[in-house]
Amino acid sequence: MRLLSRSNNRVVCVSESLRTHFERSGPFPSGAEVIENGIDTTVFSPGGLDGRVRAELGIAPDAPLLGAVGNVRASKDYPSLLRAFAQVHRAVPASRLVIVGQGSGELQAEVERLRADLGLEGAVHFAGFRDDVADFLRSLDLFVLSSSDEGFSLVTVQAMATGLPVVATRCGGPEQIVGDSGGAVLVPPRDPDALAAALLDVLARPDLGKRLGAAGRARAAEAFSVERMVSRYVELYERCLPEGRSH
């Protein structure tokens, strides 16, 4: 950070929570700016339910399907998600959960053991790495983020842009992403009971799910499009160039 302070024109953080984290952690360049990552809102957009992914995973077309995206690592807190989903599955036996992301080693073994201990082996699918996240999101009824810590969470923006109802934890990034848009339900991190209650509430109230999806889509398109991100970087570069060299 000291080297950055001496050699940079500007430092950009992709979220306010990251800037706050670095400022509290020690020496950090003054005047750091926040430019959030952007997504292609034409790729991540509402559409008809994509049945291909469900068919591939052996999930019925009418099963309430929850999904999460992120490699299996400690900050994703998938144990809390599995414990929350166990409550959802008891209340809605037809419900299914798919987790997309690479996993290996002891953490993957731990979540697989927990899945077995909770009796969810037929209801929770670990789908591994996929390069069709946009199609996967369109196969869902509800997106869930269970992380204990997120600097930003691009996939939450992608899910909102797809028009999905979103339930996420207040783990840093999601609070800034959602803002006061009403585009997601936010719950405390590491609290399976609160997460389960929110998931069940959204599943039980289709009207709420539609409102969340519409508000989330509007928020993502307005605040997190790739066009907006690029325009903000262009403006930043122009401010950094010597006078008379703005083109």
Side-chain angles (χ1 to χ4, degrees), residues 12-22 33-46 65-70 75-78 80-81 84-85 88 97 99-101 133-134 136-138 140-229 232:
V12 175
C13 299
V14 298
S15 72
E16 189 62 47
S17 64
L18 274 178
R19 178 166 66 177
T20 300
H21 167 76
F22 283 121
E33 304 194 29
V34 174
I35 300 178
E36 298 89 351
N37 287 330
I39 65 164
D40 187 335
T41 55
T42 62
V43 173
F44 293 94
S45 60
L65 182 57
L66 289 66
V69 177
S75 64
K76 295 299 179 182
D77 196 11
Y78 286 136
S80 284
L81 176 55
F85 182 70
V88 173
L97 170 66
I99 296 173
V100 167
V133 172
F136 170 72
L137 291 173
R138 277 189 285 271
L140 302 178
D141 295 299
L142 196 161
F143 176 81
V144 56
L145 180 84
S146 59
S147 298
S148 59
D149 181 41
E150 286 282 353
F152 183 68
S153 183
L154 197 62
V155 71
T156 297
V157 179
Q158 293 169 343
M160 290 168 60
T162 305
L164 282 170
V166 170
V167 175
T169 50
R170 294 188 187 93
C171 57
E175 299 96 306
Q176 180 183 347
I177 291 169
V178 177
D180 60 1
S181 68
V185 176
L186 298 178
V187 300
R190 302 187 186 91
D191 190 337
D193 292 341
L195 184 58
L199 294 171
L200 285 168
D201 188 37
V202 175
L203 287 175
R205 299 168 58 196
D207 59 325
L208 173 59
K210 289 179 181 178
R211 290 200 303 272
L212 290 170
R217 169 65 186 178
R219 170 68 171 168
E222 176 188 9
F224 302 111
S225 69
V226 70
E227 293 84 4
R228 184 175 188 272
M229 178 190 71
R232 294 187 66 195

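Since the structure is predicted, the reported quantities are computational estimates derived from the model, not experimental observations.
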Exercise. Indicate the atoms forming the closest heavy-atom contact of Val178 with Leu186, along with that distance.
Key: CG2-CD2, 4.2 Å
Quiz item: Just wondering, are more than 12 heavy atoms of other shown residues or ligands nearer than 6.0 Å to CD in Glu33?
Solution: yes
Show me the donor-acceptor pairs, under 3.5 Å and distance only, between side chains in residues 192-199 and residues at least two apart or in other chains.
| residue | atom | partner | partner atom | Å |
| --- | --- | --- | --- | --- |
| Asp193 | OD1 | Gln87 | NE2 | 2.8 |

Name the atoms and distances for all side-chain donor-acceptor pairs under 3.5 Å in residues 150-168, with sequence neighbours left out.
| residue | atom | partner | partner atom | Å |
| --- | --- | --- | --- | --- |
| Glu150 | OE2 | Lys76 | NZ | 2.5 |
| Glu150 | OE2 | Ser147 | OG | 2.7 |
| Ser153 | OG | Thr156 | N | 3.4 |
| Ser153 | OG | Thr156 | OG1 | 2.6 |
| Thr162 | OG1 | Gln158 | O | 2.7 |

Quiz prompt | Heavy-atom closest contact (Cys171 atom, Leu145 atom, distance) | solution = SG-CD2, 4.1 Å
Exercise. Identify the two heavy atoms, one from Val69 and one from Phe143, that lie closest to each other, and give their separation to 0.1 Å.
Key: N-CE1, 3.9 Å
Quiz item: Between CG of Leu66 and CG of Leu142, what distance do you get to the nearest 0.5 Å?
Solution: 5.0 Å
Quiz item: Roughly how far, to the nearest 0.5 Å, is CG of Leu18 from CD of Glu36?
Solution: 11.0 Å
Quiz prompt | Nearest-0.5 Å distance that lies between atom CG in Leu65 and atom CG in Asp141 | solution = 6.0 Å
Practice problem: Name all pairs fulfilling the salt bridge (Lys or Arg N to Asp or Glu O under 4.0 Å) condition that reach into residues 179-190, sequence neighbours left out, sorted by first residue then second. | Solution: none
Quiz item: Got Ile35 and Met229 here, is their nearest side-chain heavy-atom distance under 4.5 Å?
Solution: yes
Quiz prompt | Nearest-0.5 Å distance, CG of residue Asp191 to OG of residue Ser148 | solution = 13.0 Å
